[in-house]
Amino acid sequence: MIVTHTIEHAREQIALLRKKSRRLALVPTMGALHDGHLSLIKLARQHADYVVISIFVNPEQFGPSEDFDNYPRNLDKDLMKCKNENVDLVFAPDLFEVYDTQHFLSIKIDSLNRHMCGGSRPGFFEGVLLIVNKLFNIVTPDVAVFGQKDIQQFLIINQMVNEFNHKIKMVMAPVERANDGLALSSRNVYLSKEERAIAPGLYRSLNYIKTQVRQGVINPSLLIEHQKSELEAKGFKIDYLNVFSYKTIEPVLTLDKGVVYIIAGAVWLGKTRLIDNILIEL
Ligand code: PAF
């Protein structure tokens, strides 16, 4: 496994892999790899001959009061996991390698970021696009794999790929869950024992909404208000909980047949923010 920390070295190594005219898949990560990431790596392997992982905690996607400084980091452990998964190349640059000068440009998002996480984390998706656009230009993958857990991230990056003509196939990996349903996330390590026990409640709520919608509820607002109260009673603080259009990421009032929706929530348990979603087509 090649481990590289500089853009120049990464480009050299990727050019060597490319000489064999093989397909290359990129799995962008911020490290603290867990089984969810490993499932992305496995899926990447199904789509390409070589798998490249990037590990970089991107400051541009953290707000001033967010957890950039405390975000879990453990490169040695991550490299072991990558090796066990037969990753071909790990690109783990430091901060100054990626943002070596003051930058003057960003990618403006006209819509798609007004609701869900974009609504509550201003600047977050611009930060994500900044780094992902750089990674796409450095690694030039044929395929890029992202998790459904961050579905808004997937849809916005997919839009960038289409609008900016990146020749990359976007692959969305299903949400990887613990046995009790909690979506795997690097931030789950922040949860206390008590919070961890409550945490699967978010997924249960999303599932309850899905079941009700499947059974014919076409105006989900009352149902959602009820689920919010239930979650609050369990100790969650609600950021958002709603049904969104898969196409526009706008909340929807009435559900139509033949349309794909995202039932999604973001909640706080103490200092930890959890997100999760379920896709449903009526
Ligand atoms: O999903 C993540 O871990 C990050 O947002 C990403 C895509 C690696 C960009 O920093």
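Please read these numbers as outputs of a predicted model, since none were measured by experiment. In listed order, ligands and their atoms are each counted from 1.
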**OP:** Identify whether the distance between the nearest side-chain nitrogen and carboxylate oxygen of D276 and R177 falls below 4.0 Å.
**Re:** yes
Original post:
Which of these, R22, K83, R45, sits in a salt bridge (charged side-chain N to carboxylate O under 4.0 Å, His left out) with D88?
Top reply: R45
Original post:
Would you call the rings of H103 and Y99 parallel, tilted or perpendicular, where under 30° means parallel and over 60° means perpendicular?
Top reply: tilted
Subject >> Side chains of H166 and N133, donor plus acceptor under 3.5 Å >> reply: yes
Original post:
Crowded around M80 CE? As in, over 12 foreign heavy atoms under 6.0 Å?
Top reply: no
Subject >> Side-chain donor or acceptor of N277 paired with backbone N/O of K149 under 3.5 Å >> reply: yes
Exercise answer, ligand 1 polar atom pairs (N/O) under 3.5 angstrom:
unit_1, atom_1, unit_2, atom_2, d
ligand 1, 1 (O), Q153, NE2, 2.8
ligand 1, 5 (O), Q61, NE2, 2.9
ligand 1, 5 (O), Q153, OE1, 2.7
ligand 1, 10 (O), Q61, OE1, 2.6

